[in-house]
Asker: 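Pasting in a structure now, in structure tokens, and then I'll have a few things to ask.
Counting convention: from 1, in listed order, for ligands and their atoms alike.
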Amino acid sequence: MSKESSAPPSDTGPLRGTIVALQRQTARLNRILEINRVLTGTLDIDKLLEFILQVSTELTDTEAASIMLLDERSGELIFAASTGSNKEELANVRVPLDGSIAGTILKQGAPLVVGDVTKDPRHFNQAAQKTGFLARSILGVPMTIKDQPIGVLEALNKKGGAYFGEEDIQVLQTFANQAAVAIENAWLVAALRKAYKKLDDLDRRKSDFIAIASHELRTPLNLILGYAAMLQEDAGGKPTAQVDGVLRGAQQLRSLIDDMINLQHVDAGSATLSPTSFNIAKLIDAVVDQSNDMARAKDQTIRVDLSEPNLKITADWDKAKLALNNLVANAIKFTPPQGRIEITCWLGNGEVQLCVADNGIGVPRKDIDRIFERFYQVEPHIARKHGGLGLGLAISKSMIEMHGGRIWCESVEGQGSRFNFTLPTDGPKRPRKGTTPLRTR
Ligand code: ADP
């Protein structure tokens, strides 16, 4: 009877060899994954270049590496990073595209191996003079993004005096392709950060301008209003067309300046709520009283329809009034003479809902979401027929959202608009999720 051996496979022979090869491949794949993770996660350009140098020498078993990036303006390659050197040392080292090893690689878009650089007249040794590093052999590969060259990656001096092989070329080229994408991402992020910083700067300057302008305008305006009132008194209280005109113009100016000042409070986050309990009908009456003159001047009617006349809410009177007043003023402004404006109010789900409807010009569908942004106006400013700074709705939105309410618009261009908002009846709530913060953008 023959005895078959059931011993485990020996740890020598072809199986062992396969296992070792598989382990090496797995380790390599893991390393590639790790490299990819770092490449895609590093957005600081200097750290990224440092990492690319480190990985290039590791993958090709070389002493050093260099990254040269194309300067599109001068058409030269600039040393961006090199093992063991600092940026300042390399800052002014520029490599011409013609007659240099790196330039040849970039122009031909293909890898190049130079076994002995001392024998290659294209070797450009300015970098060596700066860094003191002597190159013996070079493997260089192009870095491209969507077929556009952005630079060259070089691995220098294969360790132990060995030659660069086909595998080195393939590995470095594959890595250079990934590195190029990572470099472009880091550039894009840096450009985006710069743009955001510029925008923040502009936003701050705009806010400063609004703060200064509103302050500077208010003082002379109060003088005009004061003197116009005195002139009216001198005329025995009888309204004269001239004084009336001055007063109307000055009041219009005051409402613009008030918008600017209100926006400033919202911006600075200094707008706080002082809730009291009041009858919603009173709030609507106060706003209608304030707006009646404007509506009468355009021969418009304002109708109020309350489903519950004694409905009480707890809210900040001034801010709720400002929010409603802006909507009614807009309804008057954007509705032609003889138009109809209707204010309705009802209760539902612990909230009071108010609606200001008009049969005016309406808001085009594409603009409906944007009209609540600061300074957004449907009319292009060059061809504007209606006055205003484009702040009223942004202020109303802030005031309503501070209470934990919502505001929105429904409109059909050419037929009219319905501006709605809600307020919690039993006092302000935390602003809802999804409502925009007080600062836009
Ligand atoms: P302003 O009225 O000062 O321009 P708002 O922030 O109050 O600024 O309004 C922004 C824009 O929304 C207006 O310029 C106008 O284009 C549009 N809009 C607001 N209310 C109405 C309305 N009732 N009917 C039509 N368009 C309106």
Side-chain angles (χ1 to χ4, degrees), residues 206-207 209-210 213-214 217 249 251-267 271 284 287-288 290-292 294-295 297-304 319-344 353-402 406-421 435-436 438-441:
K206 189 185 66 194
S207 298
F209 169 76
I210 291 175
S214 53
L217 288 172
Q251 264 146 10
Q252 232 171 328
L253 259 181
R254 187 155 71 180
S255 96
L256 291 177
I257 294 169
D258 283 349
D259 270 1
M260 288 155 88
I261 290 168
N262 285 323
L263 181 83
Q264 235 176 287
H265 289 310
V266 169
D267 255 1
I284 297 173
V287 170
V288 172
Q290 200 172 319
S291 317
N292 253 336
M294 266 197 318
K298 288 181 81 174
D299 201 12
Q300 295 166 333
T301 51
I302 304 182
R303 210 173 77 84
V304 178
K319 294 192 171 57
K321 184 169 164 231
L322 183 60
L324 180 61
N325 190 57
N326 286 347
L327 300 188
V328 175
N330 276 347
I332 296 170
K333 182 159 72 173
F334 296 105
T335 300
Q338 282 114 43
R340 285 190 319 276
I341 290 138
E342 190 172 41
I343 304 172
T344 44
Q353 184 167 329
L354 268 115
C355 173
V356 179
D358 63 58
N359 62 347
I361 63 172
V363 182
R365 182 184 275 272
K366 68 173 178 31
D367 297 303
I368 285 192
D369 288 336
R370 301 210 57 195
I371 52 175
F372 293 94
E373 288 172 21
R374 286 187 280 166
F375 301 111
Y376 192 86
Q377 297 179 309
V378 174
E379 275 181 310
H381 69 271
I382 302 176
R384 287 184 60 212
K385 291 199 281 292
H386 306 94
L389 292 174
L391 292 177
L393 289 179
I395 291 169
S396 294
K397 181 173 158 75
S398 299
M399 302 292 138
I400 296 302
E401 289 183 352
M402 278 178 91
R406 286 168 296 132
I407 184 164
W408 68 100
C409 162
E410 298 152 324
S411 185
V412 178
E413 196 178 356
Q415 290 184 25
S417 311
R418 294 170 63 84
F419 282 84
N420 305 278
F421 69 83
T435 52
T436 45
L438 298 187
R439 288 175 74 91
T440 49
R441 195 169 54 73

Asker: Under the 3.5 angstrom rule, does the side chain of Lys333 hit a backbone N or O of His386 as a donor-acceptor pair?
Answerer: no
Asker: For a quick check: using heavy atoms under 4.0 Å, what are the residues in contact with ligand 1, sorted by chain and number?
Answerer: Asn330, Ala331, Lys333, Phe334, Asp358, Ile361, Gly362, Val363, Ile371, Tyr376, Gln377, Val378, Gly388, Leu389, Gly390, Leu391, Gly392, Leu393, Ser417, Phe419
Asker: Scan for side-chain hydrogen bond (donor to acceptor under 3.5 Å, both in side chains) pairs involving residues 353-371, sequence neighbours excluded, and state none if there are none.
Answerer: Asp367-Tyr376, Arg370-Glu373
Asker: So for atom CD, which belongs to Gln252, do other residues, nucleotides or ligands contribute more than 12 heavy atoms lying within a distance under 6.0 Å?
Answerer: no
Asker: More than 12 heavy atoms of other residues, nucleotides or ligands under 6.0 Å from CZ of Phe375: is that the case?
Answerer: yes
Asker: In chain order, what residues pass the side-chain hydrogen bond (donor to acceptor under 3.5 Å, both in side chains) check against Arg303, with sequence neighbours excluded?
Answerer: Glu342
Asker: Under the rule for side-chain hydrogen bond (donor to acceptor under 3.5 Å, both in side chains), what residues qualify as partners of Lys206, not counting sequence neighbours?
Answerer: Asp203
